[in-house]
Enquirer: 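Sharing a structure, written as structure tokens. Questions coming.
Just so it is clear, the structure is predicted and the values come from calculations on it, not from any experiment. Chain A is the first sequence line, chain B the second, and so forth, proteins listed ahead of strands; every chain is numbered from 1.
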Protein chains: 2
Amino acid sequence: MYSYMKRDSRLSSVLHALLHMAEHEGPMTSEALGKCLGANPVVVRRTMGLLREAGLVSAERGHAGGWRISADLKTVNLRQLHAALGEPAIFAIGNRNETPECLVEQAVNAALDKAFLEAEALLLDRFADVTLADLAADFARRHAERRASKD
Amino acid sequence: MYSYMKRDSRLSSVLHALLHMAEHEGPMTSEALGKCLGANPVVVRRTMGLLREAGLVSAERGHAGGWRISADLKTVNLRQLHAALGEPAIFAIGNRNETPECLVEQAVNAALDKAFLEAEALLLDRFADVTLADLAADFARRHAERRASKD
DNA sequence: CTTCATGTAACTATACATGTTACGATTCGG
DNA sequence: CCGAATCGTAACATGTATAGTTACATGAAG
């Protein structure tokens, strides 16, 4: 009944949701977004709630309610979304002991930390370079391509 | 009874173990290495077994047995060790659906994959730059520093 | 007031490194 | 040749975080 889950896919999920919302007229319900993502509506509310706390979306209850984007697509980048999700751990690999007395382990940690910090900095820089507007444009390009290939 | 575990620390563990072995005369038992790492001897055997399969260490059973390094410290780098461990997943974050039909999700995946692949390439390059001999030298430097500060 | 939708608590499912117990296989000392 | 030491490995338990699910309270629209 459960899909194979091993990694945090919330950033992927909220991006997918936000782009659908951007293409959609009016608010979208958690159930509609859940259908787009193949996810449970409660999980959608849980995750989108983090974006609401960051002021990136708003939610309205009752009839004709749902989720709306409350920010400019051109100003929201992936790094902000990662931050809005609480900056979840990026790496699945890490040191065994973060504050060791053993000098051997200190040398090991220093080498690994250096590599991981560089990779993390690069990743976050790349995240900062990509806005929702960029993704929307890429989607539009893919959409046009598909239509062209069908002619 | 269990220490707080959230990430794969096997690379950190084997580096710690290998450097202790490099400093040690003769083979080291799984129990001795477990004491160094604060880990269970069975876990040590399980993890070191992967390095044995890669030809980086050898194990001898019985009296005076244990683990020995069977490679030149100057030729073994962190990337080789990561490979010997089976190239475990580096990132704790990923796409929700790796092969989506939805064009929106394809655009999202493309952007995330690009960032993650760049960060992964950088990390593996940094891993390839660091040898066991480098770490041993860094340990020696830290050791000398500590002795100097005690004078 | 009924319906629709979010907000949220509580519980379950899953994967995987790690911890633990148990035992077989092998090597060496006496 | 017996027994201790040590690796090899199977089997099972533990802890953690996201994701799924159920249930219900809250609030808005008609």
Enquirer: Within this structure, what is the CG-to-P distance between Leu37(B) and dA17(C), rounded to whole angstrom?
Expert: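 After rounding, the gap between these two atoms is 17 Å.
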
Enquirer: When you measure from every atom of DNA chain D, which of residues 11-18 of chain B have a heavy atom less than 4.0 Å away?
Expert: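 Those residues whose heavy atoms fall under 4.0 Å from DNA chain D, taken from residues 11-18 of chain B, amount to none.
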
Enquirer: Give the C-alpha distance, both sets of side-chain angles, the deciding distance and a yes or no for side-chain contact (heavy atoms from CB on, under 4.5 Å) between Leu85(B) and Val14(B).
Expert: CA-CA 9 Å; Leu85(B) 294 175; Val14(B) 298; 4.2 Å; yes

Enquirer: Measuring from atom CG of Leu103(A) to atom CZ of Arg146(B), what distance do you get when rounded to the nearest 0.5 angstrom?
Expert: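 Going from CG on Leu103(A) over to CZ on Arg146(B), the span is 4.0 Å.
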
Enquirer: Only counting residues at least two apart or in another chain, list the ones meeting side chain to side chain contact (heavy atoms under 4.5 Å, CB included) with Glu98(A).
Expert: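 Per chain and number, Glu98(A) pairs via side chain to side chain contact (heavy atoms under 4.5 Å, CB included) with Asn95(A), Arg7(B).
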
Enquirer: Below 4.0 angstrom, which residues in residues 39-49 of chain B have at least one non-hydrogen atom near DNA chain D?
Expert: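 Close to the strand are Val42(B), Arg45(B), Arg46(B).
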
Enquirer: Rounded at 0.5 Å granularity, tell me how far CG in Leu18(B) sits from CG in Leu73(B).
Expert: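 The distance works out to 8.5 Å.
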
Enquirer: The criterion is salt bridge (Lys or Arg N to Asp or Glu O under 4.0 Å); which residues satisfy it with Glu87(A), sequence neighbours excluded?
Expert: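 Salt bridge (Lys or Arg N to Asp or Glu O under 4.0 Å) list for Glu87(A), sorted by chain: empty.
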
Enquirer: Without decimals, in angstroms, what is the distance between Asn95(A) CG and dA17(C) C1'?
Expert: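 The answer, rounded to whole Å, is 15 Å.
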
Enquirer: Output the single nucleotide from dG7(C), dG8(D), dG19(C) whose closest atom is nearest the side chain of Arg52(B).
Expert: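 For the Arg52(B) side chain, the nearest candidate turns out to be dG8(D).
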
Enquirer: Return a table of donor-acceptor pairs under 3.5 angstrom between the side chains of residues 34-48 of chain A and protein atoms on other chains or two or more places apart.
Expert:
unit_1, atom_1, unit_2, atom_2, d
Asn40(A), OD1, Val42(A), N, 2.9
Thr47(A), OG1, Val43(A), O, 2.9

Enquirer: Got a sec? Which of residues 23-34 of chain B come in under 4.0 Å of DNA chain C, heavy atoms?
Expert: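 Of all residues in residues 23-34 of chain B, none places a heavy atom under 4.0 Å from DNA chain C.
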
Enquirer: For Arg141(A), enumerate each residue passing the side-chain hydrogen bond (donor to acceptor under 3.5 Å, both in side chains) test, keeping only those at least two apart in sequence or located in another chain.
Expert: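 Result, side-chain hydrogen bond (donor to acceptor under 3.5 Å, both in side chains) vs Arg141(A): Asp138(A), Glu145(A).
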
Enquirer: Could you pull out all donor-acceptor pairs under 3.5 Å where a side-chain atom in residues 115-127 of chain B meets a protein atom, sequence neighbours excluded?
Expert:
unit_1, atom_1, unit_2, atom_2, d
Glu118(B), OE1, Arg126(A), NE, 2.6
Glu118(B), OE1, Arg126(A), NH2, 3.2
Glu118(B), OE2, Lys114(B), NZ, 3.2
Arg126(B), NE, Glu118(A), OE1, 2.6
Arg126(B), NH2, Glu118(A), OE1, 3.2

Enquirer: In whole angstrom, give the distance that lies between atom CZ of Arg7(A) and atom P of dA17(C).
Expert: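 Going from Arg7(A) (CZ) to dA17(C) (P), I get 13 Å.
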
Enquirer: Thr131(A): what forms a side-chain hydrogen bond (donor to acceptor under 3.5 Å, both in side chains) with it, not counting sequence neighbours?
Expert: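 Thr131(A) satisfies side-chain hydrogen bond (donor to acceptor under 3.5 Å, both in side chains) with Asp134(A) only.
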
Enquirer: Going from CG on Asn77(B) to CZ on Arg79(B), what distance comes out if it is rounded to the nearest 0.5 angstrom?
Expert: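 The CZ atom of Arg79(B) is 8.5 Å from CG of Asn77(B), to the nearest 0.5 Å.
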
Enquirer: Would you say Ser9(B) reaches dA17(C)'s phosphate, i.e. side-chain N/O to OP1/OP2 under 4.0 Å?
Expert: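 Indeed not, no polar side-chain atom of Ser9(B) lies that close.
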
Enquirer: Give every residue pair that meets the ring-ring contact (aromatic ring centres under 6.0 Å, His included) criterion with at least one member in residues 18-76 of chain B, sequence neighbours excluded.
Expert: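 ring-ring contact (aromatic ring centres under 6.0 Å, His included) check on residues 18-76 of chain B returns His16(B)-His20(B).
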
Enquirer: Between the protein and nucleotides 24-30 of chain C, list every N/O to N/O distance that falls short of 3.5 Å.
Expert:
unit_1, atom_1, unit_2, atom_2, d
dT26(C), O4', Arg61(B), NE, 3.4

Enquirer: Nearest 0.5 Å please: distance from the CG atom of Leu51(B) over to the CD1 atom of Ile69(B).
Expert: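 Atom-to-atom, Leu51(B):CG and Ile69(B):CD1 are 9.5 Å apart.
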
Enquirer: List in chain and number order the residues that pass salt bridge (Lys or Arg N to Asp or Glu O under 4.0 Å) with Arg68(A), two or more places apart in sequence or in another chain; answer none if no residue qualifies.
Expert: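 Salt bridge (Lys or Arg N to Asp or Glu O under 4.0 Å) list for Arg68(A), sorted by chain: Glu60(A).
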
Enquirer: Can you tell me how far P of dA17(C) sits from CD1 of Ile90(B), to the nearest Å?
Expert: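 Rounded to the whole Å, the gap is 14 Å.
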
Enquirer: Quick one: Met21(B) CE to dC7(D) C1', roughly how many Å, whole number?
Expert: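 To the nearest whole Å, that distance equals 13 Å.
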
Enquirer: Side chain of Asp8(A) only, heavy atoms from C-beta on: which candidate in dT18(C), dA19(D), dT6(C) is closest?
Expert: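 In terms of side-chain proximity for Asp8(A), the closest of dT18(C), dA19(D), dT6(C) is dA19(D).
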
Enquirer: Could you state the CZ-C1' distance from Arg68(B) to dT6(D), rounded to the nearest angstrom?
Expert: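 Checked: the CZ to C1' distance equals 14 Å.
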
Enquirer: Could you state the interatomic distance from CG (Leu81(B)) to CG (Leu132(B)), rounded to the nearest 0.5 Å?
Expert: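 So the CG of Leu81(B) and the CG of Leu132(B) are separated by 5.5 Å.
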
Enquirer: Quick one: Arg10(A) CZ to dG20(D) P, roughly how many Å, whole number?
Expert: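 In whole Å, dG20(D) P lies 12 Å from Arg10(A) CZ.
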
